[in-house]
S.K.: 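Starting off with a structure, shown below.
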Amino acid sequence: MSQKYDYAKIEAKWQKYWEEHNTFHADNDYSKPKFYALVEFPYPSGQGLHIGHPRPYTAMDIVARKRRLEGYNVLFPMGWDAFGLPTENFAIKNKIHPALVTEKNVAHFKEQLKAIGLSFDWDREVNTTDPNYFKWTQWIFLQLFKHGLAYKKEMAVNWCTSCKVVLANEEVVGGCCERCGGEVVRKVKSQWMLKITEYAQKLIDDLAEVDYFDRIKTTQINWIGRSEGAEVDFETTTGDTLTVYTTRPDTLFGATYMVIAPEHPMIGKWADQLTNMDEIRAYQEKAAKKSDFDRTEMNKDKTGVKLEGVKAVNPVNGQEIPIFISDYVLMSYGTGAIMAVPAHDERDWEFAKVFGIPMVEVVAGGNIEEAAFTDCATGVMVNSGFLTGLSVEDAKVKIKDWLEETGKGHRKVNFKLRDWVFSRQRYWGEPIPLVNCEKCGWVAIPEEELPLTLPEVESYMPTDNGESPLSTLESFINTTCPCCGGPAKRETDTMPQWAGSSWYFLRYCDPHNDKELASKEALNYWMPVDWYNGGMEHTTLHLLYSRFWNKFLYDIGAVTTKEPYMKRTSHGMILGENGEKMSKSRGNVINPDDIIRQYGADTLRMYEMFVGDFEKAAPWSTNSIKGCKRFLDRVWALQDMLTNGDAYRPELESAFHKTIRKVSEDIESLKFNTAIAAMMALVNDIYVTGSINRAELRTLTVLLNPFAPHLTEEIYEANGFGGVLNEQKWPVYDEALCVDETVEIVVQICGKVKTKLNVPAGAAQADVLAQAKADPKIAALLEGKQLIKEIYVQNKLVNFVVK
RNA sequence: GCGCCUGUGGUGGAAUUGGCAGACACGUUGGAUUUAGGUUCCAAUGUCGCAAGAUAUGCAGGUUCAAGUCCUGUCAGGCGCACCA
């Protein structure tokens, strides 16, 4: 052997072999047990692959390769989430069609992914910008529309002044655009909305049926934000009704004023009766200019204006109470109006202090002069009419019953989750397949006309008034109504990037189907995804959206499972060498092409898995990667020490069984770093013996194969183990052989280690204690002391407690 | 402010139900091989100490025969949410 480990040659050879033999193609052979491993498909940016991409891809590649060796029919697909702003912006700047930009970027990404030796089934590649794909994205939208889950709404939206695009709430981070960091302002626009709120309860409930990391579940539950309370109707002196939502109806006797959102519609209605309308208008204008972020920024100083001329009546005691407008009440949550109980709500307390409003204590136990008493678990009701003397919990039930009996209110569940703003005034997205007819209103285009493709336009720039570039194209806009045949205009907005990624996992099951999004047979066999790994940052966006779409499609019978993903895990980021996030501006970017050239793909894979806890962020280290290269060099060099032998040698037998067990278990629990450490330790043990036999080398190559597929295939073939490695069986271990024959027992005196003994595994307590006491060093230390206690832990330690 | 998570050598990180802290690497030091650099191999490597030994998991307490692990308090860092009534 004695040849150098020529990774470049070996990797090119096996990548070619896999491609030519279509090795990783997932058959639609429905008789075999299946395993569907999924990684988030990338956005093919112009910069090419980031060094962070291979981390989750390699991890799931390891799982997929292990499953194949275990006899599963494995679906491990890849595709491109290719609509989106960076491509469009590049197209605008360079006056080139975004489809061409996308094509070029995809080709580059694909080449880079193949160079890592990932076992994707490239026959099932999907691309969200391919009309054969987005035909079905549009089809799904039409079903949502037909089922009343898509609707158009005039609303204040988040507008990124830099991208010139509407953002979903989820895309606004700290008052700035998630993508470009530009300023986000409020703007009133007519938008397509998807009623994700209709599925809020199911999205919470069905988390019980899936295996996600706890923090992923918690984040989703918090984001959906369910709360239980009541809606209460307050009469006003104008004869109107003002409905509020509250989670504390038990404190109704303590409501001393009301607050409504500055944009509350009642204000317009009461304009004639309000004597301080100028002041109110000024406050409304000030509030309208602020984004949601600005409104939350100033949460310390409560501001507001009292409505002079209108009062509300507390339904429990008939008391007239003032109404204020204040921007601490949001129109978008609940009813846009609250009953304020300053004694038992911090915000109301602060507001009442500013405006000198009286407080009424209705739950005993706090000091309302100092602070609002909000701890509801322990309190007893006071000053509360028929609720007085009850516990808070009982009072909640009683008041809700009372509200429902008297018709003054009712139980109500609310969610923080808002409906999904689905329109984008952009070119590079799926056109929304609807037309607007003067007579018939919004009408779906016939399904047989799908896909509705993007027309060629002069400029991809949004117009100055924020409309889509498509809005300037008369030939696209003007059409006929599918319903009445009269003149109609097409919707010119496109879908957000989230659309295509909300169902791609379904398309992988049957990617070339032109009759339906995927056949029932294929879905029935492959779905749900058995293991989905992706970024933590997608927990409230992509994960929620795609679960929503899948649930809707399930309800209309288009898919076969209620939940799309059985198991969801998340990986940590790869940081720069300085521990900061990698970015061009910080100058700490590592290019995967360079690493592969210098060390090889197998080393890159090993290092990305060895770098640290898979779930945590880890800084890149150019020094540490050498350790992985060294390990693979050592594995390669084992071939020079090869001897015959068809069984593990006795001195290594236990080590082999233990390592197989460790690697098998660690892969399942994402502990790739310790799996690799175990293999390194095994190789070190082998080196100590000075040789390796054929049985041992064969097992080692299979075990290491998911991590370093090229190197192991080459060793396997070069030594004539028979067949190709990827068609072999995952090694098995014998639990009985994982146990050592003798164990080292620690002997402590008063918890301090004094000596160690070698005893047979499972030795009897009495024997071990006797042997410990007989040890000269221990005997000397016990001499003249009173033995109070003897602790014995099987196969672990002995502890003598003395006085 | 609220919620969740994390604090272990010079560095990345390991440590079943509480049971030898520092696996596995990186780096460093010394040695061997080499004309030299690189590679490879051997040895050492938490801290203090010649040694015996002592001491050590952010800090301060507590429970226990025994604590990185459990409890209380506290500090630092990270993530999420952020006036959600």
S.K.: Check every strand shown and say whether A/S621 touches a base, only sugar-phosphate, or nothing at a heavy-atom separation below 4.0 Å.
M.R.: nothing
S.K.: So, is B/G9 syn or anti if syn means the angle is within 90° of 0?
M.R.: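 What B/G9 shows is a syn base, its glycosidic angle lying within 90° of 0.
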S.K.: Taking ring-ring contact (aromatic ring centres under 6.0 Å, His included) as the test, write out the residues that go with A/Y245, two or more places apart.
M.R.: none
S.K.: Please give the distance between the C1' atoms of B/A67 and B/U63 as a whole number of Å.
M.R.: 10 Å
S.K.: Considering only atom P, compute the distance from B/U35 to B/U28 and round it to an integer number of Å.
M.R.: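 About 24 Å, rounded to a whole number of Å.
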S.K.: Looking only at atom C1', what distance separates B/A23 and B/A14, rounded to whole Å?
M.R.: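 Comparing C1' positions in B/A23 and B/A14 gives a spacing of 5 Å.
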S.K.: Can you name the side chain to side chain donor-acceptor pair (under 3.5 Å) partners of A/K629, sequence neighbours left out?
M.R.: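 In terms of side chain to side chain donor-acceptor pair (under 3.5 Å), with neighbours along the sequence ignored, A/K629 is linked to A/D633.
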S.K.: On a whole-Å scale, what distance lies between the P atoms belonging to B/C4 and B/C50?
M.R.: 49 Å
S.K.: If I take atom CZ in residue A/F213 and atom P in nucleotide B/C5, what distance separates them, rounded to the nearest angstrom?
M.R.: 14 Å
S.K.: Over how many whole Å does the gap from A/M339 atom CE to B/A85 atom C1' extend?
M.R.: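 For the pair A/M339 CE and B/A85 C1', the rounded distance is 9 Å.
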S.K.: Reading RNA chain B from 5' onward, which residue's closest nucleotide shows up sooner: A/I676 or A/T247?
M.R.: A/I676
S.K.: Does the protein touch nucleotides 39-46 of chain B at the base, only the backbone, or not at all? Give it as B, S and - per nucleotide, heavy atoms under 4.0 Å.
M.R.: -SS-----
S.K.: Assess the residue pair A/M536 and A/T219 against the criterion (side chain to side chain contact (heavy atoms under 4.5 Å, CB included)); give the C-alpha distance rounded to whole Å, side-chain angles, the decisive distance to 0.1 Å, and a yes or no.
M.R.: CA-CA 10 Å; A/M536 203 59 201; A/T219 306; 4.1 Å; yes
S.K.: By ring-ring contact (aromatic ring centres under 6.0 Å, His included), which residues pair with A/F234, not counting sequence neighbours?
M.R.: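 So A/F234 forms no ring-ring contact (aromatic ring centres under 6.0 Å, His included) with any residue.
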S.K.: Taking the P atom of each, how far is B/C70 from B/U16, in whole Å?
M.R.: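 These two P atoms come out 12 Å apart once rounded.
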S.K.: Please compare A/K754 and A/M680 by the position of their nearest nucleotide in RNA chain B and report the one closer to 5'.
M.R.: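 The residue mapped nearer the 5' terminus is A/M680.
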S.K.: Looking only at atom P, what distance separates B/U69 and B/G61, rounded to whole Å?
M.R.: 14 Å
S.K.: Just by distance, no angles: are the side chains of A/T197 and A/R418 close enough, under 3.5 Å, to form a donor-acceptor pair?
M.R.: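 A/R418 and A/T197 do not have a side-chain donor-acceptor pair below 3.5 Å.
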S.K.: Salt bridge or not between A/K412 and A/E228? Use side-chain N to carboxylate O under 4.0 Å.
M.R.: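 Here A/K412 does not pair with A/E228 in a salt bridge, since their nearest N and O are not under 4.0 Å apart.
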S.K.: Using a 4.0 Å heavy-atom cut-off across all strands, classify A/K217 as base, sugar-phosphate, or nothing.
M.R.: nothing
S.K.: Using the ring-ring contact (aromatic ring centres under 6.0 Å, His included) criterion, which residues pair with A/H264? Sequence neighbours excluded.
M.R.: none
S.K.: Quote, to the nearest angstrom, the P distance that separates B/C24 from B/A15.
M.R.: 13 Å
S.K.: Who are the side chain to side chain donor-acceptor pair (under 3.5 Å) partners of A/D775, not counting sequence neighbours?
M.R.: none
S.K.: With a 4.5 Å heavy-atom cut-off, do A/H538 and A/R568 have their side chains touching?
M.R.: yes
S.K.: If you check the A/I338 side chain, which of B/A85, B/U55, B/C24 turns out closest?
M.R.: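 Nearest listed nucleotide: B/A85.
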S.K.: Between C1' on B/A82 and OH on A/Y328, what's the gap in Å once rounded to a whole number?
M.R.: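 Taking OH of A/Y328 and C1' of B/A82, I get 16 Å after rounding.
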S.K.: Please report, rounded to the nearest Å, how far the P atom of B/C83 is from the CD1 atom of A/I325.
M.R.: 19 Å
S.K.: Go through the structure and list residues passing side chain to side chain contact (heavy atoms under 4.5 Å, CB included) with A/Q201, not counting sequence neighbours.
M.R.: A/D205, A/R226, A/F415
S.K.: What is the nucleic acid contact for A/T539, judged by heavy atoms within less than 4.0 Å: base, sugar-phosphate only, or nothing?
M.R.: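 Answer is nothing: A/T539 stays at 4.0 Å or more from every strand.
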S.K.: In B/S/- notation, 5' to 3', how is nucleotides 10-20 of chain B contacted by protein heavy atoms closer than 4.0 Å?
M.R.: --BSSS-B-BB
S.K.: For A/Y257, what residues pass the side chain to side chain contact (heavy atoms under 4.5 Å, CB included) criterion, not counting sequence neighbours?
M.R.: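 A/V259, A/P322, A/F324, A/Y328, A/A340, A/P342, A/D348, A/F351, A/A352, A/I357.
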S.K.: Taking side chain to side chain contact (heavy atoms under 4.5 Å, CB included) as the test, write out the residues that go with A/E370, two or more places apart.
M.R.: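 Applying side chain to side chain contact (heavy atoms under 4.5 Å, CB included) to A/E370 gives A/N367.
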S.K.: Can you list everything that forms a ring-ring contact (aromatic ring centres under 6.0 Å, His included) with A/F800? Sequence neighbours excluded, please.
M.R.: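 Partners of A/F800 under the ring-ring contact (aromatic ring centres under 6.0 Å, His included) test: none.
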S.K.: Grab the CE-P distance between A/M606 and B/C24 for me, whole Å please.
M.R.: 15 Å
S.K.: In whole Å, I'd like the distance from the NZ atom of A/K752 to the C1' atom of B/U64.
M.R.: 15 Å
S.K.: In whole angstrom, give the distance that lies between atom CG of A/L781 and atom P of B/A52.
M.R.: 15 Å
S.K.: Only stems of 3 or more consecutive Watson-Crick or G-U pairs count here, both distances under 3.5 Å; name the ones for RNA chain B, or none.
M.R.: B:1-7 with B:75-81, B:10-12 with B:24-26, B:27-32 with B:40-45, B:46-48 with B:53-55, B:58-62 with B:70-74
S.K.: Under 3.5 Å, is there any donor-acceptor pair linking the side chain of A/K302 to the base of B/C83?
M.R.: yes
S.K.: With rounding to whole Å, what would you report as the distance between B/A43 and B/A54 at their P atoms?
M.R.: 28 Å
S.K.: Check the distance between B/G38's P and A/Q598's CD and give it to me in whole angstrom.
M.R.: 16 Å
